[in-house]
Amino acid sequence: MSQPRDDRQDDLFRPPLEEIINLRHPLVRLAGEIDWDFLERRFSSVCREGPGQPPLPTRLVAGLFILKHMHNLSDEALCERWVENPYFQYFCGEVVFRHELPFDRSSLTRWRQRLGEEQIAALLQESLSVAHRTGAIDTKDLERVAIDTTVQEKAIAHPTDARLTHRAIEKLVELAKREGVELRQSYLRLAKRAAITVGRYTHAHQFKRARRELKFLRTRLGRIIRDIRRKIEGNTALEDRFGPLLGLALRVRHQEQRQRGPKVYSLHAPEVECIGRGKTRAPYEFGCKVSIATPVTAPRGGQFVLHAKALHGNPYDGHTLGPVIADLEKLTGVTVRRIHGDKGYRGHNYPNRFKVWISGQVRRVTKAIRREMRRRAAIEPVIGHLKQDHRMGRNYLTGRDGDRINAVLAAAGYNFSLLLRWFEELLRVLSLIL
């Protein structure tokens with residue numbers, strides 16, 4: 001793959017965007033403050049010289065990622081807004097107004113997969129750099145942090161044994177039909193009726209009858225698994241094609257409600273974990289744990305997200321503190337002096353325990369530290385905004401890499417939205433002065 005192309009140039013027959021838009025618009029100000037060369041160096045590092053069509057300009061890709069999570073847009077909605085909005089086009093580096101998309105929607109997916117979490121973290125790093133350069137956040141705000149974890153839910157239906165078994169039957173029959181494997185019987189009609197009946201019996205609290213129908217479903221799934229294995233035995237190509245789905249279906253067939261260890265909660269997202277957070281309205285959430293760090297002080301530009309990282313395996317909060325703080329210091333380049341966490345971080349693994357303060361702690365607490373401990377709760381509304389307004393509440397990206405990428409992009413989009421509001425306030429103050 002060649003290096004990213006950038007063939008945008010002036011058009012003699014159309015006016016430039018700078019003559020159409022308001023150059024005092026906050027989005028224009030934000031575009032002028034971002035170090036696009038830094039993002040280009042980080043993004044273009046995944047490209048290598050060689051044959052093939054050159055990829056999209058890196059400023060266009062970075063601008064699209066920022067706008068998508070800053071305004072909580074899907075890929076399709078982002079493409080529609082980009083064609084209509086001249087400020088979006090100027091932010092992405094266009095010279096003249098474009099009436100058609102210069103890229104395909106699937107290009108966003110390919111760039112996310114190509115970059116990965118390590119390169120996309122440059123957006124979060126640049127958002128903090130812009131905030132520091134414009135005075136929205138100071139160095140002292142980076143030295144004292146509050147840290148907490150939340151659950152980034154995956155875009156899956158609520159898992160039940162009957163639904164998972166029924167979906168396994170449907171997927172196996174569909175794959176067998178596509179690969180030309182003739183089954184003895186598909187059981188599609190019977191399985192659908194049994195899955196519906198399980199839901200009805202469970203709703204009526206007739207659990208003995210519901211278990212009987214669930215056993216019927218599992219028996220039919222076992223028959224299909226054995227039938228497929230007999231038909232593809234000795235065919236290496238078909239065994240490789242059916243192997244992953246047969247393995248998931250076998251786990252669904254034998255897993256029990258109260259068994260220990262990992263379970264399958266979705267066939268299209270087997271990496272999903274069941275996490276209990278002690279909430280009355282949602283006892284269990286299905287996704288992955290995400291660690292969030294914010295300043296424990298009150299920066300002038302707002303509560304920026306200093307670090308965001310998806311953590312798989314449902315680790316204990318205290319065991320994530322050491323790696324997360326090390327990653328935070330690497331990202332910001334500032335040594336953390338004080339760390340404030342809730343009681344979920346008791347028994348943490350951070351090397352210097354005298355830098356960590358837990359909610360409710362009495363020893364070593366001065367007046368300044370007590371004020372900071374009261375400010376620790378400011379991280380909760382930040383998590384709420386990340387979930388509600390910046391696409392962390394429901395993750396649609398595939399796999400564990402998608403979980404990590406979505407967490408970083410949501411944090412970067414939140415920071416850039418705070419910067420947009422910061423420039424609006426600066427512009428308002430400047431207009432009042434003039």
Side-chain angles (χ1 to χ4, degrees), residues 39 42 62 65-66 68-70 72 112 115-132 136-137 141-142 144-154 271 273 275 277 285 287-296 299 301-315 317 319-334 336 339-342 344-345 376 378-397 399-419:
L39 296 178
R42 291 290 295 272
F65 285 156
I66 292 171
K68 172 184 170 67
H69 285 266
M70 189 163 55
N72 193 12
R112 279 191 293 259
L115 291 170
E117 179 192 16
E118 183 179 356
Q119 307 302 333
I120 287 182
L123 295 175
L124 179 58
Q125 188 175 2
E126 181 59 24
S127 68
L128 296 175
S129 298
V130 173
H132 192 269
I137 193 171
D141 299 321
L142 306 176
R144 292 167 287 181
V145 301
I147 192 165
D148 200 0
T149 59
T150 185
V151 177
Q152 177 181 242
E153 294 191 73
K154 200 79 168 183
E271 72 278 358
E273 302 152 3
I275 303 174
R277 304 287 290 180
E285 296 173 291
C288 72
K289 187 173 286 189
V290 176
S291 173
I292 303 295
T294 65
V296 80
Q303 291 297 121
F304 289 89
V305 176
L306 305 180
H307 182 265
K309 188 175 183 63
L311 307 166
H312 293 96
N314 191 13
D317 289 357
H319 296 165
T320 66
L321 187 61
V324 165
I325 295 300
D327 200 16
L328 168 61
E329 292 177 343
K330 180 182 177 181
L331 183 70
T332 60
V334 178
V336 177
I339 306 165
H340 295 270
D342 57 13
Y345 286 90
R376 190 214 64 84
I379 196 173
E380 302 296 342
V382 173
I383 293 174
H385 283 296
L386 286 172
K387 288 188 171 185
Q388 187 69 25
D389 303 327
H390 301 282
R391 305 188 68 78
M392 190 185 281
R394 194 166 178 85
N395 178 26
Y396 294 90
L397 304 185
R400 294 193 170 191
D401 290 337
D403 295 336
R404 301 186 188 100
I405 291 170
N406 192 73
V408 176
L409 285 175
Y414 172 78
N415 285 354
F416 280 112
S417 67
L418 290 184
L419 288 171

Discussion item. Closer than 3.5 angstrom, by distance alone: can the side chain of His390 be matched with the main-chain N or O of His69 as a donor-acceptor pair?
Written reply: yes
Fill in: Glu285 (side chain) donor-acceptor with Ile275 (main chain) under 3.5 angstrom
no
Practice prompt. Might you point out which heavy atoms bring Ile379 and Ala146 nearest each other, and give the distance in Å?
Written response: CD1-O, 3.5 Å
Practice prompt. Give the intermediate values and the outcome of side-chain contact (heavy atoms from CB on, under 4.5 Å) for residues Gln125 and Lys330.
Written response: CA-CA 10 Å; Gln125 188 175 2; Lys330 180 182 177 181; over 6 Å; no
Item to complete: Mind checking the CZ-OG1 spacing from Arg144 to Thr294? Nearest 0.5 Å is all I need.
Response: 13.0 Å
Worksheet item: Say you draw a straight line from CD1 of Ile325 to CG of Leu306; how long is it, rounded to the nearest 0.5 Å?
Response: 9.5 Å
Item to complete: Output, in order, the C-alpha distance, side-chain angles, deciding distance and verdict of side-chain contact (heavy atoms from CB on, under 4.5 Å) for Leu419 and Phe304.
Response: CA-CA 9 Å; Leu419 288 171; Phe304 289 89; 4.0 Å; yes
Practice prompt. Check whether more than 12 heavy atoms from other residues, nucleotides or ligands sit under 6.0 Å from atom CD of Glu380, and answer yes or no.
Written response: yes
Worksheet entry | Exercise: identify the closest heavy-atom pair between Asp403 and Cys288 | CB-SG, 3.8 Å
Fill in: Ionic contact status for Glu271 with Lys154, cut-off 4.0 Å
yes
Discussion item. Distance check, rounded to the nearest 0.5 Å: Leu142 atom CG versus Thr332 atom OG1?
Written reply: 5.5 Å
Discussion item. If you apply the rule side-chain contact (heavy atoms from CB on, under 4.5 Å), what do you find for Gln303 with Tyr414, and how did you get there?
Written reply: CA-CA 10 Å; Gln303 291 297 121; Tyr414 172 78; 4.2 Å; yes
Practice prompt. Over all heavy atoms of both residues, which pair between Pro315 and Thr320 is shortest? Give the atoms and the distance, please.
Written response: CG-CG2, 3.6 Å
Practice prompt. Enter the distance from Leu311:CG to Thr149:OG1 here, rounded to the nearest 0.5 Å.
Written response: 8.0 Å
Fill in: Donor-acceptor under 3.5 Å (Asp317 side chain, Asp148 main chain)
no
Worksheet item: Stepwise, does the side-chain contact (heavy atoms from CB on, under 4.5 Å) test hold for Lys68 with Arg391?
Response: CA-CA 9 Å; Lys68 172 184 170 67; Arg391 305 188 68 78; 3.8 Å; yes
Worksheet item: When you check the gap from the basic side-chain N to the acidic O, do Arg404 and Asp401 get nearer than 4.0 Å?
Response: yes
Discussion item. I need the Glu126 CD to Asn415 CG distance, nearest 0.5 Å.
Written reply: 11.5 Å
Practice prompt. Using atom types as modelled and distance alone, determine if a side-chain donor or acceptor of Arg42 lies under 3.5 Å from a backbone N or O of Glu118.
Written response: yes
Worksheet item: Between atom CZ of Arg112 and atom CG of Leu409, what is the distance when rounded to the nearest 0.5 Å?
Response: 7.5 Å
Fill in: Glu117 bridged to Lys309 by N-O distance under 4.0 Å
yes
